[in-house]
Every structure is written in C-alpha cells, then in structure tokens.
Amino acid sequence: MRVAGAVAGLMENRDLARIFSEIADILEIQEGNPFRIRSFRRAAQIIRDLSFNGAHASQEEPEKLRSISGIGEGTISKIREIAETGRSQEFEDLKREIPPSLLTLLELQNLGPKKIRLLWKTLNISTIDELEKAAREEQVRSLPGMGGKSEAKILKAIEAHRLLQGRFRLDDGIEVCQGLMDYLRLKVKVKRIAAAGSVRRRRETVGDIDILVTCESSAEVIDAFTGYSDVKEVLAKGDTKASVVLSRGLQADLRVLEDESFGASLQYFTGSQAHNVALRERAKRMGYKISEYGLFRLDNGGEKDPPEKVAGESEEDIYRLLKLSLIPPELRENRGEIQKAETGRLPDLIKLGDIRGDLHMHTKATDGRNTIQEMAAAGIQAGYQYIAITDHSKALAMARGLDEKRLLDQIEEIDRVASQISEIHILKGIEVDILSEGELDLSDEVLSRLDVVIASVHSRFNLSRKEMTLRICRALENPNVNILAHPTGRLLTRRAPYPVDLEQVIKTARENRVCLEINAYPARLDLSDVHCRMACDQGALISINSDSHNLQMLRYIEYGVFTARRGWLEAKDVINTFPLEELTRVLKKEEYGER
DNA sequence: GCCGTTTTCGGCCCGACTGTTTTCAGTCG
C-alpha cells in the first residue's frame, strides 16, 4: 500500500532538497561547473517549496515534476534514485572526496567555497575548531588575499555561528513532527497524540520535538518510535519515555501518558518554562500544586492523605480552576498573559481565516517563477479578495529588478490581466530598494502611480546602528512608501539582524502612516514576535506578507499569522485583514486604523 | 544540469562591497 510505504520512509522534500543543495556545495568547493552548480541549487529550492511529495511524484507522475521549469530529466532521475534506494550515488561519491565537515564552514558569514578550499588545501583546515585555532594563531593571514581583518572577521563569524547552533526553523520542526505523528498513528493504536513544546507554541525556531501520546500498549508505541526510519540514534528508551536523534540532527522526545493526565502533561510540556513557573506560583498561592500529572488540591483532609487530584484530563480544566481563561499556546511565554487571563482580557488573536489578501509577491518579471495570472489564480484559490504584485526594483540586479520603464510596462500588464479577472483585485506595487542614504531606487513620479509601495533593505547590511536607522527612517518619510519589508533583514539560524533602532523605526513608520511587514517566509519571520508586539503597542499597523516567489509559497502566510499571534496581534492590527475599501484608504494614507 | 520566437549546442540574472590588492578575487544577494 502506497501510504504505508510513504510512512515507512518516503523521502521528504526537505531531505531531497538538502541532498541537492549539498551536492552543489561540494561541487562548488571542488570548483565544478558553476552553471551545473546553479542548476542543483535551483532544483533544491524548487523541491523544498513543492506542494506535493517530490520523491513520490518522481515514481508515480514524473510529468508533474517535468512540467516545472528548472527540473529536467537529470533531476528527476536523481530524485527517483533517492526515492528508490534512499541515496544518491553521485552524492555518496562526492562525500568521499572532501571532509564532510568542510560543508559546515560554508555556514560561516563571508566564507565561501574558494576560501574554504584554500584553507583546506594549504592549512589542512576542515573544521570550525581548526579554523578558529588558525585564526587565533594568525596563520590565516599568511594566505594570499587574507589579512588581519579577515582573521577578525572569521572569529566573529564563528562566534555568531555558535550562538545560532542547535535550533531549527519552525517549518522544519512542524514538518518533522507531523511526519512522526502520522507514522505513529498508522503504526500503532494511539488514543490521543499531540505535539507540545516550542512547536506547539509556534516559536520561530525549535530546539527539539516533544510528542505526547496515550495508547493501549506503551511498549508498542515506544518500539515504533525508536524504530522510525528517520532515527539516527536512540538516546534513551524506557517504559514511558524515549528520546531519539533524527537524521537532520533534530532531537525528538516521546512521552507515553495515562488519559487522565493528558491535559496536565500537555500543559506542562508545552511550557514555556517561564510560563509554567508563573502558573505554578499562582497555583500554590491558591492552595494547589501543578505537575505533569495534574492539578492537586493541597489543603484537604489530613496531613497523611495524598493531595486530591482535581484536574488533569484537559488543559481547559486546569486553567479554569486557576481562575484563568484558556491561554493560547502562542502566548505562553510569561509576557503578561497570566495577568490578562485573570481578568478575561486576553487579546482576540488574529486567525489565518482573517487574512483577506497578500500584499507582497513576485513574478517572472524579476525573480519569481510564475506570471501575474498564475499568482492571481493562486490568490483566488486561497480565498483572497486582493493581492499585490510587488516585484524588485533595479538595484537588485541579481533579481533583474525593474527600472522605471519595465515597471510602467508591468503596470499596463496588470491592468490588462485585471480586466480579465473579476474574482480578485490586483493591486499594483513594487518592492523598492532603500539605497544606502535612504533614497529609493525609483523616481517618486513612478512610485506615485502605484497602489502599494514596499520599501526594503537588500544591501549594505554593515552600517552602524545609527546610520542604518537614519537610512530606513529617511525612506519611510517618502510619502509614497506604504510598507517596510522584513525590517531587520535576519535569516533564522543563518544571519543575525542588522543593527537598527527599531523603536525609532516604528515611531517614524507610525508618524508617516507606514505599515511594518511580518515577512512570513519561515526563514525570515521578520518582524519577530517581540518586535511585532512592540510595533502594535506603539500604534503602528502591520502587514503580514508571504513574499511569494512561486505559487507554493503563498501558504507560508500561515507562519506570519503564527508570528502575529505570538506578537499578540488582533485582526484589527493587520491591514491585510481589512476589506479592500478600508485597505485602500490606509494605502492612500487617508486613515491609519483607529489610531 | 537546464533551456529553446537565437531550439539539440552554447549559452547561462549581475552590481556592490570588502579586504586585499596596484587591478582584483571572493562573497553576497
């Protein structure tokens, strides 16, 4: 049966994508054909964003893959080989030609394949620790093209890398967790199963995966769990708990519970720790104690009597007995949610269904993969009332950004497409680059013809905090600007945010009726939850945008909603929950919410 | 490796920045 096969170990898109991406990495270090390398990277990207399982498709309906531009016969046969044998011969061969740890060095900022090859061939450096030692001992400066500053930069990059290690993107966590839970459901008879921990709280990165389960036979489910095809190492295996390391390096914990304590355990293992500590303190003041087994009343009966269990089956009961409204997992960070829940004043958090449109998407005109028509069709499918086409501007040469003339052409093109589609409104927009002094990359005259102008920083990340703040604020003062995209430029687990005074940026945005973006791409989630709340508290409006570069990416909007929820946002704080008429007034700066 | 109104070979988005250079290689996006 197909489904069982899939569960037993069909390769996930992300794993496939990683193989392609690592082949590209190795070829690059080996100074292979740059165009072939680019093809592998492109394939990796496409596979990662597929809305169906690529391995399965390679076997059952290869034409579905073949129809995608950038996927050729070579890629399909490689996917099929991996789907059938679990490995790629070329990848295995390549891995034997270089120390595998070299690929880790690629994660360091400002270190690319050429320098890594040089370090490896001349100083025999293949690990981060060896590189750190060599930089400290000033050996790196002996190499051509390297000097004292290079050594300092390397040490800084190593420091940054260490800080970011050990956490995974939320979308990776959710995908792995979902796969594991689906497998357990099929493999054994589970009664209840749920994800807890930071996955359930929808934190932007997750450290490990926590799964809770109730079932008939605990031994059976533990065996199934440790026998999962993706398990690389079993760290612990007991009667009610097991821990494993999955092939991606992500740790997963399974806990087998009794039904009557499922809710208590879910509460306990969802955390956060800070939230739980605060909750336990409150319980104690009220004469209770909370553990993973339940909520217990302490002061009944005599000293010898065991505490009476008063709740445990559901989370609702526990919060209710503590005289709190049920706190959504996303808010459980001890950031004031318990106080609000006390008086029933928790925010009415935004939901995915509140989103009426997507205001940031790219097309084939620049670095997107689909046409205006196709993006509009995807918007209709998502149930949207409107979308905005916002391609790059000319400064982003790598994306073939639009100059004034091409933008004017695109405006006409959108009008033409819009005249043929009645189900959705297409707003005309641009993602315009903010140049180093805060000027915009396109003339005000052209920008003023658009419905929505998104301004972005894509270059010169290394300005001082003061310079960067000034630069961004200047751009926000341009009367044409509506939205500041990905305000800190971070890439989760890869690149720290550039230094910038966000409070000043938020203040300037509000004063100029500019909205701040939550870029929903799972590697960005920028603004972060915390900054999101900061913006909202200061009265700034938010736009949650997918930044889609292809049809599949529209679904990432959900991750923006997760972040918004963690940032305490309600629908009224987010402009793309507004009906078109109201949105238009905000974009024209005639109003700015009720603020 | 992928692609094709330049179609089965011969191309393949390119400009800015940095640190090391004295004319440029490497990295980033």
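With sequence neighbours left out, A:Phe168 forms a ring pair (Phe, Tyr, Trp, His ring centres under 6.0 Å) with no residue at all. With sequence neighbours left out, A:Gln504 forms a side-chain hydrogen bond (donor to acceptor under 3.5 Å, both in side chains) with A:Thr508. With sequence neighbours left out, A:Tyr498 forms a ring pair (Phe, Tyr, Trp, His ring centres under 6.0 Å) with A:Phe461.
What separates CG of A:Leu119 from P of B:dG26 is a distance of 12 Å, to the nearest Å. Look at CD1 on A:Ile68: it is 18 Å from P on B:dG1, rounded to the nearest Å. One atom, CD of A:Gln109, and another, P of B:dC28, lie 6 Å apart when rounded to the nearest Å. Residue A:Glu81 contributes atom CD, which lies 12 Å from atom P of B:dG1 at whole-angstrom precision. To the nearest angstrom, C1' of B:dG15 lies 12 Å from CG of A:Asp441. Computed from coordinates, the A:Gln45 CD to B:dC2 P distance equals 16 Å when rounded to whole Å. Distance, A:Lys114 NZ to B:dC28 P: 12 Å, rounded to whole Å. Here the C1' atom of nucleotide B:dG26 and the CD1 atom of A:Ile154 are 12 Å apart, to the nearest Å.
Among residues at least two apart or in separate chains, there is no ring-ring contact (aromatic ring centres under 6.0 Å, His included) pair with a member in residues 112-157 of chain A. The side chain to side chain donor-acceptor pair (under 3.5 Å) analysis of residues 142-151 of chain A, with sequence neighbours excluded, yields the pairs A:Arg141-A:Glu151. The ring-ring contact (aromatic ring centres under 6.0 Å, His included) contacts involving residues 69-91 of chain A comprise nothing, where partners must be two or more places apart or lie in separate chains.
When the nearest nucleotides of DNA chain B are assigned to A:Asp367 and A:Lys115 by heavy-atom distance, the more 5′-ward of the two goes with A:Asp367. Nearest-nucleotide mapping onto DNA chain B: of A:Gly72 and A:Ala397, the residue sitting toward the 5' end is A:Gly72.
Between B:dC13, B:dC3, B:dG26, one nucleotide has an atom nearer to the side chain of A:Arg400 than all others, and that is B:dC13. For A:Asn110, the side-chain atoms get nearest to B:dC28 when compared with the rest of B:dG1, B:dC28, B:dC12. Closest to the side chain of A:Ser39, from the set B:dG1, B:dG26, B:dC14, is B:dG1. Distances were taken from every side-chain heavy atom of A:Phe35 (C-beta onward) to each of B:dG15, B:dG1, B:dG26; the shortest belongs to B:dG1.
Screening A:Arg117, A:Lys114, A:Arg41 for a side-chain hydrogen bond (donor to acceptor under 3.5 Å, both in side chains) involving A:Glu28 leaves a single residue, A:Arg41.
Taking the six-membered ring where the residue is Trp, A:His362 and A:His360 present tilted rings, their angle falling between 30° and 60°.
Annotation: B:dG26 and B:dT20 have their P atoms spaced 14 Å apart (nearest Å). Taking atom P in both B:dG4 and B:dC13, one finds a spacing of 14 Å when rounded to whole Å. B:dT21 and B:dG11 are spaced 32 Å apart, taking the C1' atom of each and rounding to whole Å. Straight-line distance between the P atoms of B:dC14 and B:dC9: roughly 25 Å, to the nearest whole Å. For the C1' atoms, the distance linking B:dT8 with B:dC17 amounts to 40 Å, nearest Å. Comparing B:dA16 with B:dT6, their C1' atoms sit 31 Å apart, to the nearest whole Å. The gap from the P atom of B:dC12 to that of B:dT22 amounts to 31 Å, rounded to the nearest Å.
When heavy atoms are screened at a 4.0 angstrom cut-off, A:Pro113 is found touching the sugar-phosphate backbone but no base atom. Contacts of A:Leu111 with the nucleic acid, taken as non-hydrogen atoms under 4.0 Å apart, involve only primed sugar atoms and P, OP1 or OP2. When heavy atoms are screened at a 4.0 angstrom cut-off, A:Thr75 is found touching the sugar-phosphate backbone but no base atom. Contacts of A:Arg66 with the nucleic acid, taken as non-hydrogen atoms under 4.0 Å apart, involve only primed sugar atoms and P, OP1 or OP2.
Applying the 4.0 Å criterion to OP1 and OP2 of B:dC13, one finds that A:Arg42 has every side-chain N and O outside that range. Distances shown here put every side-chain N or O of A:Ser459 at or beyond 4.0 Å from the OP1 or OP2 atom of B:dG15.
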For nucleotides 8-11 of chain B, tabulate all protein N/O to nucleotide N/O atom pairs closer than 3.5 Å, reporting atom names and distance.
none

Step by step, work out the salt bridge (charged side-chain N to carboxylate O under 4.0 Å, His left out) result for A:Arg490 and A:Glu204.
CA-CA 12 Å; A:Arg490 71 173 181 175; A:Glu204 63 198 25; 2.8 Å; yes
Per-nucleotide protein contact along nucleotides 18-24 of chain B, 5' to 3', at a 4.0 Å heavy-atom cut-off (B base, S sugar-phosphate only, - neither), is SSS----
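To the nearest 0.5 angstrom, A:Phe40 atom CZ is 10.0 Å from A:Ile47 atom CD1.
The shortest side-chain heavy-atom distance between A:Glu175 and A:Asp171 does not fall under the 4.5 Å cut-off.
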Distance-only criterion, 3.5 Å: show the donor-acceptor pairs between side-chain atoms of residues 441-448 of chain A and protein atoms not counting sequence neighbours.
unit_1   : atom_1 : unit_2   : atom_2 : d
A:Asp441 : OD2    : A:Ser393 : OG     : 2.7
A:Asp441 : OD2    : A:Lys394 : N      : 3.0
A:Asp441 : OD2    : A:Ala395 : N      : 2.6
A:Ser443 : OG     : A:Val446 : N      : 3.3
A:Asp444 : OD1    : A:Asn478 : ND2    : 2.8
A:Glu445 : OE2    : A:Arg449 : NE     : 3.2
A:Glu445 : OE2    : A:Arg449 : NH2    : 3.3
A:Ser448 : OG     : A:Asp444 : O      : 3.4
A:Ser448 : OG     : A:Glu445 : O      : 2.7

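Here B:dC3 sits opposite B:dG10 as a Watson-Crick or G-U wobble pair (both hydrogen-bonding atom distances under 3.5 Å).
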